[in-house]
Amino acid sequence: MTTQPPPTVIPLGEYADNGFYPGYEPRLETRPFLAEPLAPFSRADEDRFWMRDSQHFAEGITPASMGLLEDAQTWGTQYGAEIVGIPPTAGMVNRIAGVHVYLGQCPITSLWQMGARAERFGAFAAPRLADFEGYWSGYRAELEAAYAHFDGLDVDAMSREELHAALLDAIAFHRRGWGVHFEVMYLLAANYVALFQLVTDLGLETGQIPKWLAGEETAYLQTDEGLWRLAGRARELGVADALAAPTVEGVRAALEQEPNGPAWWAELEAFLAVWGQRTDETATMDRPSWAEHPATPLGTIREFLTRPEGHDFAAARREVLAERDRLVDEARAAIADDDRARFDEALASNRAANFVWWNEEHNFLIDRRIHLPIRRLTLAAADRLVADGVLDAREDVFFLFRHELLDLLTGGGPADCRSLVPARRDYYDHWSARGNELPPVMGTVPDAVNDPIMTELFGLTPDYFATIKGQRATATLSGFAAARGTIVGTARVVRAAQDIDQVRDGDILVCGGTTTEWTPVFGLVAGCVTDTGGTLCHTAIIAREYGIPCVVGTGVATSTITTGDRVRIDGDRGVVEVLA
(Lines give C-alpha, C1' and ligand atoms only; values in the text may rest on other atoms or scores of the structure.)
Protein backbone atom coordinates (compact mmCIF):
# COMPACT_ATOMS: atom_id res chain seq x y z
CA MET A 1 0.00 0.00 0.00
CA THR A 2 1.42 3.39 -1.05
CA THR A 3 1.21 6.22 1.46
CA GLN A 4 0.48 9.61 -0.06
CA PRO A 5 2.76 12.40 1.16
CA PRO A 6 1.02 15.12 3.15
CA PRO A 7 -0.06 18.15 1.12
CA THR A 8 2.23 21.16 0.96
CA VAL A 9 0.47 24.06 2.67
CA ILE A 10 1.78 27.61 2.78
CA PRO A 11 -0.24 29.10 5.65
CA LEU A 12 -2.26 32.26 5.16
CA GLY A 13 -1.26 33.36 8.65
CA GLU A 14 -2.04 37.00 9.37
CA TYR A 15 -3.39 37.50 5.84
CA ALA A 16 -6.59 35.60 6.63
CA ASP A 17 -9.50 37.23 8.45
CA ASN A 18 -7.51 40.47 8.65
CA GLY A 19 -10.24 42.80 7.50
CA PHE A 20 -9.94 45.25 4.66
CA TYR A 21 -10.09 48.99 3.97
CA PRO A 22 -11.83 50.97 6.76
CA GLY A 23 -15.51 51.38 6.02
CA TYR A 24 -15.54 48.67 3.33
CA GLU A 25 -19.06 47.36 2.82
CA PRO A 26 -19.36 45.07 -0.20
CA ARG A 27 -22.46 45.56 -2.31
CA LEU A 28 -23.68 42.93 -4.72
CA GLU A 29 -23.82 45.24 -7.72
CA THR A 30 -20.13 46.08 -7.25
CA ARG A 31 -19.12 42.41 -7.01
CA PRO A 32 -19.78 40.97 -10.47
CA PHE A 33 -19.19 37.24 -10.78
CA LEU A 34 -20.60 34.09 -12.27
CA ALA A 35 -18.85 31.39 -10.25
CA GLU A 36 -17.70 33.14 -7.07
CA PRO A 37 -16.94 36.68 -5.90
CA LEU A 38 -13.73 38.52 -5.14
CA ALA A 39 -13.11 38.85 -1.40
CA PRO A 40 -10.40 39.45 1.20
CA PHE A 41 -8.72 36.22 2.36
CA SER A 42 -10.52 34.07 4.92
CA ARG A 43 -9.27 31.04 6.81
CA ALA A 44 -11.20 28.68 4.50
CA ASP A 45 -9.06 29.81 1.57
CA GLU A 46 -6.09 27.90 2.96
CA ASP A 47 -7.54 24.72 1.42
CA ARG A 48 -7.04 26.18 -2.07
CA PHE A 49 -4.05 27.41 -4.06
CA TRP A 50 -3.39 31.13 -4.60
CA MET A 51 -0.73 32.85 -6.67
CA ARG A 52 0.22 36.46 -6.04
CA ASP A 53 -0.35 38.46 -9.23
CA SER A 54 2.60 40.79 -8.94
CA GLN A 55 2.83 40.87 -12.74
CA HIS A 56 -0.28 43.04 -12.97
CA PHE A 57 -0.65 44.50 -9.47
CA ALA A 58 2.80 44.95 -7.98
CA GLU A 59 1.98 47.65 -5.43
CA GLY A 60 -1.54 46.64 -4.50
CA ILE A 61 -4.82 48.33 -5.31
CA THR A 62 -6.68 51.35 -4.05
CA PRO A 63 -10.44 51.24 -3.36
CA ALA A 64 -11.21 52.88 -6.72
CA SER A 65 -9.28 50.12 -8.51
CA MET A 66 -11.24 47.35 -6.80
CA GLY A 67 -14.11 47.66 -9.27
CA LEU A 68 -11.66 47.45 -12.18
CA LEU A 69 -10.11 44.29 -10.75
CA GLU A 70 -13.53 42.70 -10.25
CA ASP A 71 -14.51 43.44 -13.84
CA ALA A 72 -11.25 42.00 -15.15
CA GLN A 73 -9.97 38.95 -13.34
CA THR A 74 -13.11 37.92 -11.48
CA TRP A 75 -16.05 38.62 -13.79
CA GLY A 76 -14.06 38.67 -17.04
CA THR A 77 -12.41 35.28 -16.60
CA GLN A 78 -15.61 33.64 -15.36
CA TYR A 79 -17.61 35.12 -18.24
CA GLY A 80 -15.02 34.05 -20.82
CA ALA A 81 -14.83 30.50 -19.49
CA GLU A 82 -18.63 30.26 -19.48
CA ILE A 83 -19.16 31.68 -22.98
CA VAL A 84 -16.44 29.59 -24.59
CA GLY A 85 -17.35 26.49 -22.58
CA ILE A 86 -13.88 25.54 -21.33
CA PRO A 87 -14.59 22.09 -19.82
CA PRO A 88 -12.45 21.95 -16.65
CA THR A 89 -12.60 25.56 -15.41
CA ALA A 90 -15.20 28.17 -14.54
CA GLY A 91 -12.54 30.88 -14.71
CA MET A 92 -10.54 32.55 -11.97
CA VAL A 93 -11.18 34.51 -8.80
CA ASN A 94 -9.26 37.03 -6.72
CA ARG A 95 -8.40 37.22 -3.06
CA ILE A 96 -6.86 40.23 -1.33
CA ALA A 97 -4.09 40.19 1.29
CA GLY A 98 -3.94 43.70 2.72
CA VAL A 99 -4.05 45.49 -0.63
CA HIS A 100 -2.22 42.84 -2.68
CA VAL A 101 -3.89 40.69 -5.30
CA TYR A 102 -3.86 36.89 -5.40
CA LEU A 103 -5.37 34.72 -8.11
CA GLY A 104 -6.94 31.27 -7.91
CA GLN A 105 -8.88 28.86 -10.09
CA CYS A 106 -12.62 28.10 -10.04
CA PRO A 107 -12.39 24.41 -10.98
CA ILE A 108 -15.19 22.29 -12.40
CA THR A 109 -15.23 18.74 -11.02
CA SER A 110 -18.61 17.48 -12.28
CA LEU A 111 -18.13 15.01 -15.13
CA TRP A 112 -21.54 15.95 -16.51
CA GLN A 113 -20.65 19.65 -16.59
CA MET A 114 -17.32 18.95 -18.22
CA GLY A 115 -18.97 16.82 -20.90
CA ALA A 116 -21.71 19.36 -21.58
CA ARG A 117 -19.21 22.21 -21.81
CA ALA A 118 -16.99 20.21 -24.16
CA GLU A 119 -19.92 19.83 -26.56
CA ARG A 120 -20.65 23.54 -26.35
CA PHE A 121 -16.99 24.43 -26.82
CA GLY A 122 -16.82 22.63 -30.18
CA ALA A 123 -19.85 24.49 -31.52
CA PHE A 124 -18.52 27.84 -30.29
CA ALA A 125 -14.92 27.43 -31.36
CA ALA A 126 -15.11 25.99 -34.86
CA PRO A 127 -16.57 28.97 -36.79
CA ARG A 128 -14.52 31.54 -34.89
CA LEU A 129 -11.23 29.72 -35.42
CA ALA A 130 -12.11 29.24 -39.08
CA ASP A 131 -12.32 33.05 -39.53
CA PHE A 132 -10.36 34.44 -36.63
CA GLU A 133 -9.36 37.58 -38.51
CA GLY A 134 -13.00 38.53 -39.08
CA TYR A 135 -13.98 37.55 -35.54
CA TRP A 136 -11.27 39.67 -33.89
CA SER A 137 -11.67 42.54 -36.35
CA GLY A 138 -15.31 42.89 -35.30
CA TYR A 139 -14.35 43.21 -31.66
CA ARG A 140 -11.53 45.63 -32.51
CA ALA A 141 -13.98 47.88 -34.37
CA GLU A 142 -16.39 47.77 -31.42
CA LEU A 143 -13.67 48.77 -28.98
CA GLU A 144 -12.32 51.57 -31.15
CA ALA A 145 -15.81 53.02 -31.67
CA ALA A 146 -16.33 53.09 -27.91
CA TYR A 147 -13.01 54.85 -27.35
CA ALA A 148 -13.96 57.47 -29.92
CA HIS A 149 -17.22 58.05 -28.06
CA PHE A 150 -15.70 58.39 -24.60
CA ASP A 151 -12.71 60.45 -25.78
CA GLY A 152 -15.14 62.86 -27.41
CA LEU A 153 -17.11 63.60 -24.24
CA ASP A 154 -16.83 67.14 -22.89
CA VAL A 155 -16.50 66.11 -19.26
CA ASP A 156 -15.81 69.64 -18.03
CA ALA A 157 -19.25 70.76 -19.17
CA MET A 158 -21.11 67.89 -17.50
CA SER A 159 -23.33 68.20 -14.46
CA ARG A 160 -23.14 65.72 -11.60
CA GLU A 161 -26.10 63.84 -13.06
CA GLU A 162 -24.52 63.69 -16.50
CA LEU A 163 -21.22 62.49 -15.03
CA HIS A 164 -23.10 59.78 -13.14
CA ALA A 165 -24.76 58.57 -16.35
CA ALA A 166 -21.51 58.68 -18.32
CA LEU A 167 -19.68 56.77 -15.57
CA LEU A 168 -22.30 54.02 -15.70
CA ASP A 169 -21.72 53.80 -19.46
CA ALA A 170 -17.95 53.67 -19.01
CA ILE A 171 -18.28 50.94 -16.37
CA ALA A 172 -20.53 48.92 -18.67
CA PHE A 173 -18.00 49.31 -21.49
CA HIS A 174 -15.14 48.33 -19.17
CA ARG A 175 -16.91 45.15 -18.13
CA ARG A 176 -17.84 44.40 -21.74
CA GLY A 177 -14.23 44.81 -22.83
CA TRP A 178 -12.94 42.37 -20.25
CA GLY A 179 -15.62 39.89 -21.29
CA VAL A 180 -14.33 40.15 -24.86
CA HIS A 181 -10.75 39.83 -23.59
CA PHE A 182 -11.26 36.53 -21.83
CA GLU A 183 -13.67 35.10 -24.38
CA VAL A 184 -10.97 35.42 -27.04
CA MET A 185 -8.16 34.44 -24.66
CA TYR A 186 -9.82 31.19 -23.58
CA LEU A 187 -10.64 30.34 -27.19
CA LEU A 188 -7.03 30.82 -28.30
CA ALA A 189 -5.62 29.09 -25.22
CA ALA A 190 -7.76 26.02 -25.85
CA ASN A 191 -6.70 25.91 -29.50
CA TYR A 192 -3.06 26.22 -28.44
CA VAL A 193 -3.43 23.42 -25.89
CA ALA A 194 -4.81 21.16 -28.65
CA LEU A 195 -1.64 21.80 -30.69
CA PHE A 196 0.45 21.24 -27.57
CA GLN A 197 -1.20 17.84 -27.02
CA LEU A 198 -0.69 16.81 -30.63
CA VAL A 199 2.99 17.78 -30.49
CA THR A 200 3.34 15.76 -27.28
CA ASP A 201 1.70 12.73 -28.89
CA LEU A 202 4.02 13.02 -31.89
CA GLY A 203 7.08 13.04 -29.62
CA LEU A 204 8.19 16.52 -30.64
CA GLU A 205 9.69 19.19 -28.37
CA THR A 206 6.77 21.25 -26.99
CA GLY A 207 9.08 24.12 -26.09
CA GLN A 208 9.45 24.84 -29.80
CA ILE A 209 5.74 25.61 -30.34
CA PRO A 210 5.86 29.34 -29.50
CA LYS A 211 8.84 29.71 -31.82
CA TRP A 212 6.76 28.26 -34.69
CA LEU A 213 4.28 31.10 -34.09
CA ALA A 214 6.76 33.97 -33.63
CA GLY A 215 7.64 36.91 -35.83
CA GLU A 216 4.34 38.75 -36.17
CA GLU A 217 4.47 42.52 -35.59
CA THR A 218 2.47 43.89 -32.67
CA ALA A 219 1.41 47.31 -31.42
CA TYR A 220 3.94 47.09 -28.61
CA LEU A 221 6.88 46.40 -30.89
CA GLN A 222 5.71 49.37 -32.98
CA THR A 223 5.65 51.42 -29.77
CA ASP A 224 9.22 50.40 -29.02
CA GLU A 225 10.31 51.33 -32.53
CA GLY A 226 8.77 54.76 -32.01
CA LEU A 227 10.67 55.26 -28.76
CA TRP A 228 13.96 54.28 -30.41
CA ARG A 229 13.22 56.75 -33.24
CA LEU A 230 12.61 59.52 -30.70
CA ALA A 231 15.94 58.74 -29.05
CA GLY A 232 17.64 59.01 -32.45
CA ARG A 233 15.84 62.27 -33.18
CA ALA A 234 17.01 63.70 -29.85
CA ARG A 235 20.61 63.15 -30.98
CA GLU A 236 19.95 64.56 -34.46
CA LEU A 237 18.31 67.70 -33.04
CA GLY A 238 20.97 68.14 -30.36
CA VAL A 239 18.56 67.92 -27.40
CA ALA A 240 19.70 64.63 -25.82
CA ASP A 241 21.25 66.38 -22.82
CA ALA A 242 17.95 68.13 -22.06
CA LEU A 243 16.31 64.74 -21.57
CA ALA A 244 18.61 63.98 -18.63
CA ALA A 245 16.33 65.92 -16.26
CA PRO A 246 14.68 63.41 -13.88
CA THR A 247 11.12 64.77 -14.13
CA VAL A 248 8.70 65.54 -16.95
CA GLU A 249 8.58 69.16 -15.85
CA GLY A 250 12.36 69.35 -15.79
CA VAL A 251 12.61 67.94 -19.31
CA ARG A 252 10.05 70.47 -20.59
CA ALA A 253 11.95 73.35 -19.00
CA ALA A 254 15.30 72.15 -20.36
CA LEU A 255 13.86 71.69 -23.87
CA GLU A 256 12.51 75.24 -23.86
CA GLN A 257 16.10 76.43 -23.58
CA GLU A 258 17.20 74.49 -26.68
CA PRO A 259 16.64 75.82 -30.24
CA ASN A 260 15.22 72.48 -31.40
CA GLY A 261 13.63 71.55 -28.07
CA PRO A 262 10.03 72.52 -28.95
CA ALA A 263 10.30 70.62 -32.24
CA TRP A 264 11.39 67.44 -30.46
CA TRP A 265 8.60 67.81 -27.89
CA ALA A 266 6.10 68.16 -30.75
CA GLU A 267 7.35 64.86 -32.16
CA LEU A 268 6.89 63.26 -28.71
CA GLU A 269 3.33 64.58 -28.54
CA ALA A 270 2.58 63.18 -32.01
CA PHE A 271 3.88 59.78 -30.81
CA LEU A 272 1.73 59.97 -27.67
CA ALA A 273 -1.36 60.85 -29.68
CA VAL A 274 -1.09 57.40 -31.30
CA TRP A 275 0.59 55.25 -28.65
CA GLY A 276 0.08 57.15 -25.40
CA GLN A 277 -3.39 55.91 -24.42
CA ARG A 278 -1.97 53.32 -22.04
CA THR A 279 -0.95 53.03 -18.42
CA ASP A 280 1.92 51.14 -16.85
CA GLU A 281 -0.31 48.70 -14.97
CA THR A 282 -3.57 46.88 -15.59
CA ALA A 283 -6.86 47.98 -14.00
CA THR A 284 -5.19 50.68 -11.90
CA MET A 285 -7.25 53.85 -11.47
CA ASP A 286 -4.60 56.01 -9.81
CA ARG A 287 -1.96 55.77 -12.57
CA PRO A 288 -1.94 58.38 -15.36
CA SER A 289 -1.64 57.38 -18.98
CA TRP A 290 1.50 58.09 -20.97
CA ALA A 291 -0.41 60.85 -22.75
CA GLU A 292 -1.33 62.47 -19.41
CA HIS A 293 2.13 62.27 -17.88
CA PRO A 294 4.89 60.83 -20.10
CA ALA A 295 7.37 59.95 -17.36
CA THR A 296 7.70 56.34 -18.53
CA PRO A 297 8.39 57.01 -22.22
CA LEU A 298 10.83 59.81 -21.31
CA GLY A 299 12.66 57.49 -18.92
CA THR A 300 12.83 54.79 -21.58
CA ILE A 301 14.14 57.23 -24.22
CA ARG A 302 16.72 58.47 -21.71
CA GLU A 303 17.99 54.92 -21.21
CA PHE A 304 17.93 54.20 -24.96
CA LEU A 305 20.27 57.15 -25.42
CA THR A 306 22.94 55.17 -23.56
CA ARG A 307 23.05 52.78 -26.53
CA PRO A 308 24.09 54.85 -29.58
CA GLU A 309 23.78 51.92 -31.99
CA GLY A 310 20.07 51.56 -31.24
CA HIS A 311 18.18 48.34 -31.92
CA ASP A 312 17.75 46.87 -35.41
CA PHE A 313 14.13 45.69 -35.35
CA ALA A 314 14.16 44.58 -38.98
CA ALA A 315 17.24 42.39 -38.49
CA ALA A 316 15.84 40.92 -35.28
CA ARG A 317 12.57 40.05 -37.03
CA ARG A 318 14.41 38.43 -39.95
CA GLU A 319 16.31 36.24 -37.48
CA VAL A 320 13.10 35.25 -35.67
CA LEU A 321 11.36 34.38 -38.95
CA ALA A 322 14.35 32.41 -40.22
CA GLU A 323 14.52 30.42 -36.99
CA ARG A 324 10.74 29.88 -37.10
CA ASP A 325 10.86 28.40 -40.58
CA ARG A 326 13.92 26.27 -39.82
CA LEU A 327 12.35 24.81 -36.67
CA VAL A 328 9.09 24.01 -38.46
CA ASP A 329 10.99 22.24 -41.24
CA GLU A 330 12.90 20.20 -38.65
CA ALA A 331 9.68 19.25 -36.87
CA ARG A 332 7.95 18.18 -40.09
CA ALA A 333 10.96 16.09 -41.09
CA ALA A 334 10.93 14.28 -37.74
CA ILE A 335 7.37 12.94 -38.03
CA ALA A 336 5.88 10.21 -40.20
CA ASP A 337 4.17 11.08 -43.46
CA ASP A 338 0.80 9.96 -42.07
CA ASP A 339 1.06 12.45 -39.20
CA ARG A 340 2.27 15.41 -41.25
CA ALA A 341 -1.17 16.47 -42.43
CA ARG A 342 -2.51 16.62 -38.85
CA PHE A 343 0.53 18.61 -37.79
CA ASP A 344 0.19 21.05 -40.70
CA GLU A 345 -3.52 21.57 -40.03
CA ALA A 346 -3.05 22.24 -36.30
CA LEU A 347 -0.12 24.58 -36.93
CA ALA A 348 -2.03 26.47 -39.63
CA SER A 349 -4.97 26.93 -37.24
CA ASN A 350 -2.66 28.33 -34.55
CA ARG A 351 -0.95 30.66 -37.01
CA ALA A 352 -4.28 32.03 -38.23
CA ALA A 353 -5.58 32.36 -34.66
CA ASN A 354 -2.15 33.21 -33.28
CA PHE A 355 -2.06 33.41 -29.48
CA VAL A 356 1.58 34.50 -29.46
CA TRP A 357 0.67 37.53 -31.60
CA TRP A 358 -2.71 38.23 -30.01
CA ASN A 359 -1.41 38.08 -26.45
CA GLU A 360 0.66 41.18 -27.16
CA GLU A 361 -1.67 42.90 -29.61
CA HIS A 362 -4.80 42.88 -27.45
CA ASN A 363 -3.03 44.60 -24.57
CA PHE A 364 -2.94 47.84 -26.51
CA LEU A 365 -6.70 47.76 -27.08
CA ILE A 366 -7.83 46.42 -23.71
CA ASP A 367 -5.54 45.77 -20.75
CA ARG A 368 -3.65 49.06 -20.57
CA ARG A 369 -6.37 51.30 -21.98
CA ILE A 370 -9.91 50.21 -21.24
CA HIS A 371 -10.08 51.77 -17.78
CA LEU A 372 -9.01 55.22 -19.02
CA PRO A 373 -12.58 56.42 -19.77
CA ILE A 374 -13.52 55.58 -16.17
CA ARG A 375 -10.40 57.34 -14.88
CA ARG A 376 -11.17 60.50 -16.90
CA LEU A 377 -14.76 60.66 -15.70
CA THR A 378 -13.76 59.81 -12.13
CA LEU A 379 -11.30 62.71 -12.03
CA ALA A 380 -13.96 65.04 -13.46
CA ALA A 381 -16.30 63.88 -10.70
CA ALA A 382 -13.54 64.45 -8.15
CA ASP A 383 -13.21 68.06 -9.29
CA ARG A 384 -16.93 68.59 -8.60
CA LEU A 385 -16.68 66.95 -5.18
CA VAL A 386 -13.68 69.09 -4.23
CA ALA A 387 -15.48 72.24 -5.36
CA ASP A 388 -18.49 71.23 -3.25
CA GLY A 389 -16.32 70.57 -0.18
CA VAL A 390 -16.99 66.82 -0.11
CA LEU A 391 -13.34 65.92 -0.76
CA ASP A 392 -10.21 67.84 0.21
CA ALA A 393 -8.14 66.96 -2.87
CA ARG A 394 -8.65 65.50 -6.32
CA GLU A 395 -6.58 62.38 -5.60
CA ASP A 396 -8.81 61.53 -2.62
CA VAL A 397 -11.29 60.03 -5.08
CA PHE A 398 -8.97 57.03 -5.51
CA PHE A 399 -9.82 56.04 -1.93
CA LEU A 400 -13.53 55.74 -2.62
CA PHE A 401 -15.07 52.48 -3.78
CA ARG A 402 -16.99 52.56 -7.05
CA HIS A 403 -20.44 52.47 -5.48
CA GLU A 404 -19.50 55.24 -3.02
CA LEU A 405 -18.52 57.60 -5.84
CA LEU A 406 -21.68 56.85 -7.77
CA ASP A 407 -23.78 57.48 -4.66
CA LEU A 408 -21.98 60.78 -3.97
CA LEU A 409 -22.85 61.99 -7.45
CA THR A 410 -26.55 61.44 -6.76
CA GLY A 411 -26.64 62.97 -3.29
CA GLY A 412 -25.86 59.92 -1.16
CA GLY A 413 -22.59 58.20 -0.30
CA PRO A 414 -20.43 58.21 2.84
CA ALA A 415 -21.08 61.10 5.17
CA ASP A 416 -17.53 61.10 6.56
CA CYS A 417 -15.30 61.22 3.44
CA ARG A 418 -12.84 63.63 5.03
CA SER A 419 -12.01 61.19 7.83
CA LEU A 420 -12.48 58.02 5.75
CA VAL A 421 -9.97 58.95 3.04
CA PRO A 422 -6.97 59.51 5.39
CA ALA A 423 -7.72 56.24 7.21
CA ARG A 424 -7.82 54.36 3.93
CA ARG A 425 -4.68 56.08 2.68
CA ASP A 426 -2.85 54.98 5.84
CA TYR A 427 -4.12 51.42 5.32
CA TYR A 428 -2.90 51.43 1.71
CA ASP A 429 0.51 52.86 2.60
CA HIS A 430 1.01 50.28 5.35
CA TRP A 431 0.19 47.26 3.19
CA SER A 432 1.78 48.53 0.00
CA ALA A 433 5.08 48.98 1.83
CA ARG A 434 4.90 45.35 2.97
CA GLY A 435 4.64 44.00 -0.56
CA ASN A 436 8.07 42.38 -0.57
CA GLU A 437 7.16 40.39 2.55
CA LEU A 438 4.20 38.61 1.00
CA PRO A 439 4.81 35.08 -0.31
CA PRO A 440 4.43 34.49 -4.06
CA VAL A 441 2.00 31.64 -3.38
CA MET A 442 -0.23 30.68 -0.47
CA GLY A 443 -2.62 27.91 0.45
CA THR A 444 -2.50 24.23 -0.52
CA VAL A 445 -0.12 23.57 -3.39
CA PRO A 446 -1.58 21.17 -6.00
CA ASP A 447 0.18 18.98 -8.54
CA ALA A 448 -1.46 20.88 -11.41
CA VAL A 449 -4.27 23.27 -12.37
CA ASN A 450 -6.71 22.76 -15.23
CA ASP A 451 -7.15 26.34 -16.38
CA PRO A 452 -5.26 26.83 -19.69
CA ILE A 453 -4.61 30.51 -19.02
CA MET A 454 -3.08 29.80 -15.64
CA THR A 455 -0.94 27.06 -17.18
CA GLU A 456 0.24 28.68 -20.40
CA LEU A 457 0.40 32.37 -19.37
CA PHE A 458 1.25 32.23 -15.69
CA GLY A 459 3.34 29.08 -16.03
CA LEU A 460 1.56 27.09 -13.32
CA THR A 461 2.79 23.79 -14.73
CA PRO A 462 3.49 20.56 -12.82
CA ASP A 463 7.20 21.46 -12.86
CA TYR A 464 6.41 24.83 -11.30
CA PHE A 465 4.44 23.19 -8.50
CA ALA A 466 7.21 20.64 -7.96
CA THR A 467 9.62 23.54 -7.50
CA ILE A 468 7.32 25.23 -4.98
CA LYS A 469 6.83 21.99 -3.05
CA GLY A 470 10.55 21.34 -2.99
CA GLN A 471 11.19 24.88 -1.71
CA ARG A 472 14.23 24.87 -3.94
CA ALA A 473 16.27 28.01 -3.41
CA THR A 474 19.64 26.79 -4.66
CA ALA A 475 22.43 28.09 -6.85
CA THR A 476 20.92 26.31 -9.86
CA LEU A 477 17.34 27.05 -10.91
CA SER A 478 15.24 25.27 -13.51
CA GLY A 479 12.38 26.67 -15.54
CA PHE A 480 10.94 26.86 -19.04
CA ALA A 481 13.43 27.45 -21.85
CA ALA A 482 11.72 30.51 -23.28
CA ALA A 483 14.34 31.99 -25.65
CA ARG A 484 17.54 30.37 -26.85
CA GLY A 485 21.10 31.34 -26.11
CA THR A 486 23.50 31.48 -23.18
CA ILE A 487 24.65 34.63 -21.42
CA VAL A 488 26.58 35.54 -18.27
CA GLY A 489 25.83 38.89 -16.68
CA THR A 490 24.96 40.92 -13.61
CA ALA A 491 21.49 40.48 -12.17
CA ARG A 492 19.08 43.36 -11.65
CA VAL A 493 16.11 42.30 -9.49
CA VAL A 494 13.07 44.48 -10.24
CA ARG A 495 9.81 43.86 -8.39
CA ALA A 496 7.43 46.34 -10.03
CA ALA A 497 6.92 47.90 -13.44
CA GLN A 498 7.29 51.42 -12.09
CA ASP A 499 10.88 50.51 -11.12
CA ILE A 500 12.07 49.49 -14.59
CA ASP A 501 14.01 52.74 -14.81
CA GLN A 502 16.55 50.97 -12.56
CA VAL A 503 17.46 48.65 -15.44
CA ARG A 504 20.75 49.40 -17.18
CA ASP A 505 22.18 48.38 -20.52
CA GLY A 506 23.50 44.80 -20.34
CA ASP A 507 21.73 43.79 -17.11
CA ILE A 508 20.17 40.38 -16.54
CA LEU A 509 16.58 41.22 -15.61
CA VAL A 510 15.19 39.12 -12.73
CA CYS A 511 11.55 39.65 -11.82
CA GLY A 512 8.29 37.96 -10.90
CA GLY A 513 7.08 38.24 -14.49
CA THR A 514 6.57 40.90 -17.11
CA THR A 515 3.64 42.41 -18.94
CA THR A 516 3.57 44.86 -21.84
CA GLU A 517 4.77 47.90 -19.91
CA TRP A 518 8.11 46.13 -19.46
CA THR A 519 8.65 45.70 -23.22
CA PRO A 520 11.05 48.65 -23.78
CA VAL A 521 13.68 47.28 -21.36
CA PHE A 522 14.11 44.19 -23.53
CA GLY A 523 16.05 46.41 -25.91
CA LEU A 524 18.57 46.98 -23.10
CA VAL A 525 18.90 43.77 -21.09
CA ALA A 526 21.18 40.87 -22.01
CA GLY A 527 18.82 38.22 -20.64
CA CYS A 528 15.81 37.64 -18.42
CA VAL A 529 14.73 35.27 -15.62
CA THR A 530 11.27 35.18 -14.00
CA ASP A 531 9.45 33.41 -11.19
CA THR A 532 6.28 32.79 -13.20
CA GLY A 533 5.43 32.43 -16.86
CA GLY A 534 4.64 29.73 -19.36
CA THR A 535 4.90 29.11 -23.07
CA LEU A 536 2.66 32.05 -23.97
CA CYS A 537 3.68 34.61 -21.36
CA HIS A 538 4.75 38.11 -22.33
CA THR A 539 8.33 37.56 -21.17
CA ALA A 540 8.85 34.53 -23.40
CA ILE A 541 7.25 36.17 -26.44
CA ILE A 542 9.23 39.42 -26.24
CA ALA A 543 12.54 37.74 -25.35
CA ARG A 544 12.25 35.68 -28.53
CA GLU A 545 11.43 38.77 -30.59
CA TYR A 546 14.46 40.61 -29.18
CA GLY A 547 16.70 37.54 -29.44
CA ILE A 548 17.88 37.45 -25.82
CA PRO A 549 18.28 34.32 -23.65
CA CYS A 550 15.40 33.83 -21.26
CA VAL A 551 14.16 31.32 -18.67
CA VAL A 552 10.69 31.72 -17.15
CA GLY A 553 8.71 29.89 -14.49
CA THR A 554 11.61 29.17 -12.11
CA GLY A 555 9.35 29.70 -9.09
CA VAL A 556 12.05 31.13 -6.86
CA ALA A 557 14.28 33.47 -8.91
CA THR A 558 13.46 36.69 -7.03
CA SER A 559 13.89 34.98 -3.66
CA THR A 560 17.20 33.36 -4.68
CA ILE A 561 18.97 35.97 -6.79
CA THR A 562 19.88 39.44 -5.57
CA THR A 563 20.89 42.53 -7.53
CA GLY A 564 24.61 42.38 -8.30
CA ASP A 565 24.85 38.57 -8.48
CA ARG A 566 26.65 37.13 -11.47
CA VAL A 567 24.32 34.67 -13.18
CA ARG A 568 24.43 32.41 -16.22
CA ILE A 569 21.27 31.91 -18.26
CA ASP A 570 20.99 28.88 -20.52
CA GLY A 571 17.92 29.61 -22.60
CA ASP A 572 18.24 26.35 -24.51
CA ARG A 573 18.04 24.08 -21.45
CA GLY A 574 15.96 26.29 -19.16
CA VAL A 575 18.66 26.51 -16.48
CA VAL A 576 19.89 29.50 -14.46
CA GLU A 577 23.06 29.36 -12.36
CA VAL A 578 24.03 31.84 -9.66
CA LEU A 579 27.80 32.13 -10.01
CA ALA A 580 28.68 34.65 -7.30
A.B. asks: In terms of the angle between their ring planes, are F182 and W178 parallel, tilted or perpendicular, with boundaries placed at 30° and 60°?
C.D. replies: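 Rings of F182 and W178: parallel, as their planes differ by under 30°.
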A.B. asks: Specify whether H362 and W358 have parallel, tilted or perpendicular ring planes, treating 30° as the upper limit for parallel and 60° as the lower limit for perpendicular.
C.D. replies: parallel
A.B. asks: For the backbone of P37 and the side chain of T74, can you confirm whether one donor and one acceptor N or O come within less than 3.5 Å of each other?
C.D. replies: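 Side chain of T74 to backbone of P37, a donor-acceptor pair under 3.5 Å: no, none is there.
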A.B. asks: Identify which one of R287, H56, H371, R368 satisfies the side chain to side chain donor-acceptor pair (under 3.5 Å) criterion when paired with T282.
C.D. replies: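 Exactly one option meets the side chain to side chain donor-acceptor pair (under 3.5 Å) with T282, and it is R368.
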A.B. asks: Is there side-chain contact between L460 and Q105, with heavy atoms separated by less than 4.5 Å?
C.D. replies: no
A.B. asks: Might you confirm whether atom CG of D241 has over 12 heavy atoms from other residues, nucleotides or ligands at distances under 6.0 Å?
C.D. replies: no
A.B. asks: If the condition is salt bridge (charged side-chain N to carboxylate O under 4.0 Å, His left out), which residues does D407 pass it with, not counting sequence neighbours?
C.D. replies: R27
A.B. asks: Would you say E46's side chain and R43's backbone share a donor-acceptor pair under 3.5 angstrom?
C.D. replies: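 The answer is no, because no donor-acceptor pair under 3.5 Å joins these two groups.
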A.B. asks: With a 4.5 Å heavy-atom cut-off, do L372 and T279 have their side chains touching?
C.D. replies: yes
A.B. asks: Are the ring centres of Y427 and Y21 closer than 6.0 Å?
C.D. replies: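 Between Y427 and Y21, the centre distance is under 6.0 Å.
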A.B. asks: Residues two or more places apart in sequence or in another chain: which of them pass side chain to side chain contact (heavy atoms under 4.5 Å, CB included) with R140?
C.D. replies: W136, S137, E144, L365
A.B. asks: Does the side chain of V529 come within less than 4.5 Å of T554's, by heavy atoms?
C.D. replies: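 Yes. Closest side-chain heavy atoms under 4.5 Å.
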A.B. asks: Going by atom types alone, do T514 and H538 pair a side-chain donor with an acceptor below 3.5 Å?
C.D. replies: yes
A.B. asks: Do Y147 and F173 have ring centroids that are under 6.0 Å from one another?
C.D. replies: yes
A.B. asks: Please confirm whether the backbone N or O of E36 pairs with a side-chain atom of Q78, one donor and one acceptor, at under 3.5 Å?
C.D. replies: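 A pair under 3.5 Å: yes.
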A.B. asks: E303 vs R504, test: salt bridge (charged side-chain N to carboxylate O under 4.0 Å, His left out). Steps then yes/no.
C.D. replies: CA-CA 7 Å; E303 194 59 37; R504 298 293 177 262; 3.5 Å; yes
A.B. asks: Applying side-chain hydrogen bond (donor to acceptor under 3.5 Å, both in side chains), can you list everything that pairs with T562, at least two apart in sequence or on another chain?
C.D. replies: D565
A.B. asks: Set out, in order, the CA-CA distance, both residues' side-chain angles and the distance that settles side chain to side chain donor-acceptor pair (under 3.5 Å) for D71 and Y79, then state yes or no.
C.D. replies: CA-CA 10 Å; D71 290 345; Y79 172 88; over 6 Å; no
